[in-house]
Amino acid sequence: MKPSWYRRPVLDVARDLIGCVVTHGECSGVIVEAEAYHHSEPASHAFVGLTPRTTTLFGPPGVAYVYRSYGVHAMLNAVCEPPGVGAGVLIRALEPVSGLDLMRTRRGLDDVRRLCSGPGKLTQALGITLSDNGSDLQRGPIVFSARPRAWRDVQIAVSTRIGITKAVELPWRFSAVGSRYVSRGVRAAAVASPAEPVG
DNA sequence: CATGGGATTGACT
DNA sequence: GTCAATCCCATGC
């Protein structure tokens with residue numbers, strides 16, 4: 001999608017990203033779980049304001065914000081809203097579509113359900129690293145593209161974000177209803193209004 | 001310059 | 001269910 005598609009309220013973008021495709025090299029997958037983060041709430045990295053670390057988040061929309069988590073894992077976000085607003089969508093899980101053999105090699109396991117069922121897992125499977133931070137999500141090397149036909153009317157569940165200690169009550173987590181590729185911890189969740197078409 | 005704390009995962013009890 | 005690995009960065013002295 002083009003940069004203007006991301007220049008919207010981060011909650012709308014997070015919801016609309018469910019069903020979209022992430023491609024990196026020969027590997028790709030459909031987004032089945034994502035969370036929104038915004039500088040106005042303390043769980044967001046951008047809450048502390050503009051620092052070297054958050055420069056990408058406060059920059060133009062439609063680019064990748066990749067950071068290291070727990071000193072080990074790379075985490076992939078899509079930067080949203082106009083420049084000056086620190087907002088992004090954390091990609092938490094993918095349903096693998098192509099490049100499965102390479103994903104298996106990188107992950108060191110065979111089970112398709114475990115290849116991309118977590119934010120650190122999917123970056124390892126797709127070969128996404130910190131060097132991809134700041135790259136354009138339309139031009140690549142990481143490419144986000146619109147929902148395939150089969151995903152156009154995906155049902156989306158809303159729940160609270162996981163793995164955080166602040167602003168835990170905000171219902172800013174979105175997932176594809178019935179997907180077997182989401183990360184652990186999807187509990188009872190309300191179903192959101194039908195997703196809007198991507199375009 | 002020292003310190004504390006993660007938007008996690010995988011191995012183990 | 002518990003817990004260590006591992007390192008970058010924001011903060012405070």
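Chain A is the first sequence line, chain B the second, and so forth, proteins listed ahead of strands; every chain is numbered from 1.
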Let me know the distance between CZ of A:R53 and C1' of C:dC7, rounded to the nearest Å. 11 Å
Atom OH of A:Y67 to atom P of B:dT8: distance rounded to whole Å? 6 Å
Can A:R107 and A:Q124 be counted as having a side-chain donor-acceptor contact under 3.5 angstrom? yes
Can you measure A:L115 atom CG to B:dT9 atom C1' for me and round it to whole angstrom units? 15 Å
Starting at OH of A:Y70 and ending at P of B:dG6, how long is that distance when rounded to a whole Å? 7 Å
Using a heavy-atom cut-off of under 4.0 Å over every strand shown, decide if A:R114 touches base, sugar-phosphate, or nothing. nothing
When we call it a touch if two heavy atoms are under 4.0 Å apart, what does A:L90 touch: a base, just sugar-phosphate, or nothing? base
Can you check the A:F174 CZ to B:dA7 P distance for me, whole Å? 19 Å
Under 4.0 Å between any heavy atoms, over every strand shown, what does A:R161 touch: base, sugar-phosphate, or nothing? Just pick one. nothing
Of all the choices, C:dA10, B:dT8, B:dG10, which nucleotide is nearest to the side chain of A:K121 once you look at every atom? B:dG10
Are the side chains of A:I156 and A:V177 in touch, meaning some heavy atoms are under 4.5 Å apart? no
Whole-Å distance, A:E41 CD to B:dA7 P, equals 11 Å
Which whole-number value in Å describes the distance from A:R113 CZ to B:dG10 P? 17 Å
Flag the pair A:E81 and A:R7 as a salt bridge only when some basic side-chain nitrogen lies within less than 4.0 angstrom of an acidic carboxylate oxygen. no
Using heavy atoms to find the nearest nucleotide of DNA chain C for A:H73 and A:L130 separately, return the residue whose nucleotide is more 5′. A:H73
Paired to C:dT6 by Watson-Crick or G-U wobble criteria (both distances under 3.5 Å) is none
Please compare A:E35 and A:R107 by the position of their nearest nucleotide in DNA chain B and report the one closer to 5'. A:E35
Ring-on-base stacking between A:Y37 and B:dA7, under 5.5 Å between centres and under 30° between planes: is it there? yes
Roughly, in whole Å, what's the span from CG in A:L50 to C1' in C:dA10? 13 Å
With a 3.5 Å cut-off and no angle check, do the side chains of A:S117 and A:S183 form a donor-acceptor pair? no
Counting heavy atoms from C-beta on, name the nucleotide in B:dG6, C:dC8, B:dG10 closest to the side chain of A:R68. C:dC8
Within 45° of the ring axis of A:Y181 and under 6.0 Å from its six-membered ring centre, is that where the NZ or CZ of A:R114 lies? no
My understanding is that a pair needs two contacts under 3.5 Å, Watson-Crick or G-U wobble. By that rule, which nucleotide pairs with B:dA7? none
Select from A:A46 and A:Q124 the residue whose nearest nucleotide in DNA chain B is closer to the 5' end of that strand. A:A46
Among B:dA7, C:dA10, B:dG6, the one nearest A:P52 by side-chain distance: C:dA10
